[in-house]
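Written below as structure tokens is the structure these notes are about.
Quick caveat, the model's predicted, so the values are computed rather than measured. By convention here, the first residue in the shown sequence is residue 1.
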Amino acid sequence: MLIEIPGLLNAAQLEKLHQTLGGARFVDGKLSAGMAAARVKHNEELAQEPERLQLLYRILMSSLGHNATFKRFALPNKVADFIFARYQPGMAYGDHVDDPIMGSGGPRFRTDVSMTVFLNQPEDYEGGELVIRTPYGEKQVKLAAGGAVIYPSSSLHHVAEVTRGERLVALTWIQSFVRDAARRELLFELDQARDHLLRTAPDDEHSKLVDRSYANLLRMWADV
Ligand code: NI
């Protein structure tokens with residue numbers, strides 16, 4: 001299951017991100033790719049400039065921290081530092097699966113959920129769709145600036161070639177409290193039912209049962 005979060009970043013946050021990225025240096029994306037991915041990866045990534053990166057992380061992490069959909073779907077335990085990727089005309093990223101374990105420079109973490117945040121408007125570039133293979137066929141995603149998509153890191157996916165303009169995205173990976181995607185999906189649906197019941201019938205015994213079931217399922221499946 002993949003979920004779109006339109007407007008993860010508001011206009012002010014987007015503007016601040018673009019300001020901070022203005023004049024930044026980008027390097028070949030192959031430098032951060034695993035062996036199999038490097039063969040098919042043709043993009044650029046923001047160079048390691050700690051001060052600029054800290055500013056960018058702060059904006060993105062605070063928007064994630066305030067986003068209920070993200071928290072309920074991903075059940076985030078650890079969130080990696082964002083990577084900023086740029087695709088100019090002729091660039092693409094072929095079919096690949098994201099690295100299962102990341103954080104070679106610091107604490108290691110497992111990637112359960114992958115996230116792409118779109119930073120440019122779709123009309124600013126041609127191509128550049130994120131194409132994710134799901135059990136129900138391929139899903140193409142190209143969102144308005146500030147929108148994000150999250151999907152299981154186990155999915156095979158690629159980025160279609162950009163033929164005009166520039167595709168700019170922020171990427172991160174999440175270790176979830178619940179590693180299994182099917183369990184996360186079930187919890188996400190139950191959480192929505194629970195939320196509705198607690199709003200509309202907070203004193204009903206059935207609302208309390210659903211609330212308790214959610215809490216205890218999460219307790220049963222969570223690793224910390
Ligand atoms: Ni990927």
Those residues at least two apart in sequence (or on a different chain) that pass salt bridge (charged side-chain N to carboxylate O under 4.0 Å, His left out) with Lys16 are none
Val27 side chain reached by Gln48 side chain, heavy atoms, under 4.5 Å: no
Using the rule that Ile, Leu, Val, Met, Phe, Trp and Tyr join whenever any side-chain heavy atoms are under 4.5 Å apart, tell me whether Val178 and Met220 fall into a single cluster. yes
Residue set satisfying side-chain contact (heavy atoms from CB on, under 4.5 Å) with Asn67, at least two apart, ordered chain then number -> Ile5, Leu8, Thr69, Phe70
Which pairs count as ring-ring contact (aromatic ring centres under 6.0 Å, His included) when at least one residue sits in residues 92-125, sequence neighbours excluded? Tyr93-His96, His96-His157
Who are the side-chain hydrogen bond (donor to acceptor under 3.5 Å, both in side chains) partners of Arg72, not counting sequence neighbours? Asp191, Asp195
Separation between CG of Leu9 and CD of Glu15, rounded to the nearest 0.5 Å: 13.0 Å
Report yes or no: does Thr134 contribute a side-chain atom to a donor-acceptor pair with the main-chain N or O of Gly137 at less than 3.5 Å? yes
Using 0.5 Å steps for rounding, measure from the CD atom of Gln192 to the OH atom of Tyr214. 10.0 Å
If I take atom CZ from residue Arg179 and atom OG from residue Ser153, how far apart are they, to the nearest 0.5 angstrom? 12.0 Å
Modelled atom types, side-chain donor and acceptor of Thr111 and Asp98, under 3.5 Å: no
Decide whether Leu14 and Leu53 are clustered together by the hydrophobic rule: side chain heavy atoms of Ile, Leu, Val, Met, Phe, Trp, Tyr closer than 4.5 Å, transitively. yes
Taking only residues two or more places apart in sequence or in another chain, which ones pass side-chain hydrogen bond (donor to acceptor under 3.5 Å, both in side chains) with Asp204? His206
If we ignore hydrogens and angles and just use 3.5 Å, is the side chain of Arg25 paired with the main-chain N or O of Leu46 as donor and acceptor? no
So Asp95 and Val40, side-chain contact (heavy atoms from CB on, under 4.5 Å) or not? Walk me through it. CA-CA 7 Å; Asp95 260 333; Val40 291; over 6 Å; no
Output all residues satisfying side-chain hydrogen bond (donor to acceptor under 3.5 Å, both in side chains) with Arg164, sequence neighbours left out; order by chain, then residue number. Glu126
May I ask you to decide if Ala145's main-chain N or O and Gln121's side chain share a donor-acceptor pair within less than 3.5 Å? yes
Which hydrophobic side chains are connected to Leu209, either touching it within the sub-4.5 Å cutoff or through other members that do? none
Got a sec, which residues hit salt bridge (charged side-chain N to carboxylate O under 4.0 Å, His left out) with Glu205, two or more places apart in sequence or on another chain? Lys208
Taking atom CZ as the centre, does Arg110 end up with more than 12 heavy-atom neighbours from other residues, nucleotides or ligands that are less than 6.0 angstrom away? yes
Can you find a pair of side-chain heavy atoms, one from Thr116 and one from Leu143, that are under 4.5 Å apart? no
In this structure, CG of Leu187 is separated from OG of Ser213 (nearest 0.5 Å) by 11.0 Å
If Ile, Leu, Val, Met, Phe, Trp and Tyr residues are connected whenever their side-chain heavy atoms lie under 4.5 Å apart, and connections chain through other members, are Tyr57 and Leu64 in the same group? yes
For Arg39 versus His42, what's the shortest heavy-atom pair and its separation? O-NE2, 3.9 Å
Kindly say whether Asn120 contributes a backbone atom to a donor-acceptor pair with the side chain of His18 at under 3.5 angstrom? no
For Ala85 and Leu171, which heavy atoms make the closest approach, and how far apart are they? CB-CD1, 4.1 Å
Whether the side chain of Asp99 engages the backbone of Met102 through a donor-acceptor N/O pair (distance < 3.5 Å, no angle test) should be reported. no
Taking a hydrophobic cluster as the set of Ile, Leu, Val, Met, Phe, Trp and Tyr residues connected by side-chain heavy atoms closer than 4.5 Å, whether directly or through intermediates, do Leu218 and Leu190 fall within one such cluster? yes
Strictly distance-based, threshold 3.5 Å: is any side-chain N or O of Lys139 a donor or acceptor partner for the main-chain N or O of Ile132? no
Taking the side chain as every heavy atom from C-beta outward, state whether Val141 and Tyr151 have any atom pair closer than 4.5 Å. no
Taking side-chain contact (heavy atoms from CB on, under 4.5 Å) as the definition, give me every residue that meets it alongside Glu44, ordered by chain and number, with sequence neighbours left out. Phe26, Arg86, Gln88, Met91
Could you please spell out the steps behind the side-chain contact (heavy atoms from CB on, under 4.5 Å) verdict for His196 and Val210? CA-CA 11 Å; His196 174 80; Val210 171; over 6 Å; no
Over 12 non-hydrogen atoms of neighbours within 6.0 angstrom of CD in Glu51: no
Of all the heavy-atom pairs spanning Ala148 and Met115, show the shortest one and how long it is. CB-CE, 3.8 Å
Looking at Leu186, is its backbone amide N or carbonyl O close enough to the side chain of Glu189 to form a donor-acceptor pair, meaning the two atoms are under 3.5 Å apart? no
Quick check: closest heavy atoms across Ser207 and Ala201, and the distance to 0.1 Å? OG-O, 2.6 Å
Is a side-chain N or O of Thr20 found less than 3.5 angstrom from the main chain of Leu56, in a donor-acceptor match? no
Counting distance only, does the side-chain N/O of Lys142 pair as donor-acceptor with the main-chain N or O of Gly128 below 3.5 Å? no
Common cluster, Val149/Met61, ILVMFWY with side-chain heavy-atom separation under 4.5 Å: no
To the nearest 0.5 Å, atom CG of Leu60 lies from atom CG of Leu119 at 7.0 Å
Residues Thr172, Val117; criterion side-chain contact (heavy atoms from CB on, under 4.5 Å); working and verdict: CA-CA 9 Å; Thr172 192; Val117 187; over 6 Å; no
Determine all donor-acceptor pairs shorter than 3.5 Å in which one atom belongs to a side chain in residues 73-84; sequence neighbours excluded.
none

Taking only residues at least two apart or on different chains, which pairs with a member in residues 210-224 satisfy salt bridge (charged side-chain N to carboxylate O under 4.0 Å, His left out)? Arg194-Asp211
With Arg52, which residues qualify under side-chain hydrogen bond (donor to acceptor under 3.5 Å, both in side chains), at least two apart? Glu49
Where the side chain of Asp112 meets the backbone of Ser176, is there a donor-acceptor pair that is under 3.5 Å apart? yes
Leu130 and Val159: CA distance, side-chain angles, deciding distance, side-chain contact (heavy atoms from CB on, under 4.5 Å) verdict: CA-CA 5 Å; Leu130 171 63; Val159 176; 4.3 Å; yes
To the nearest 0.5 angstrom, please state how far the CZ atom of Arg58 sits from the CG atom of Leu17. 12.0 Å
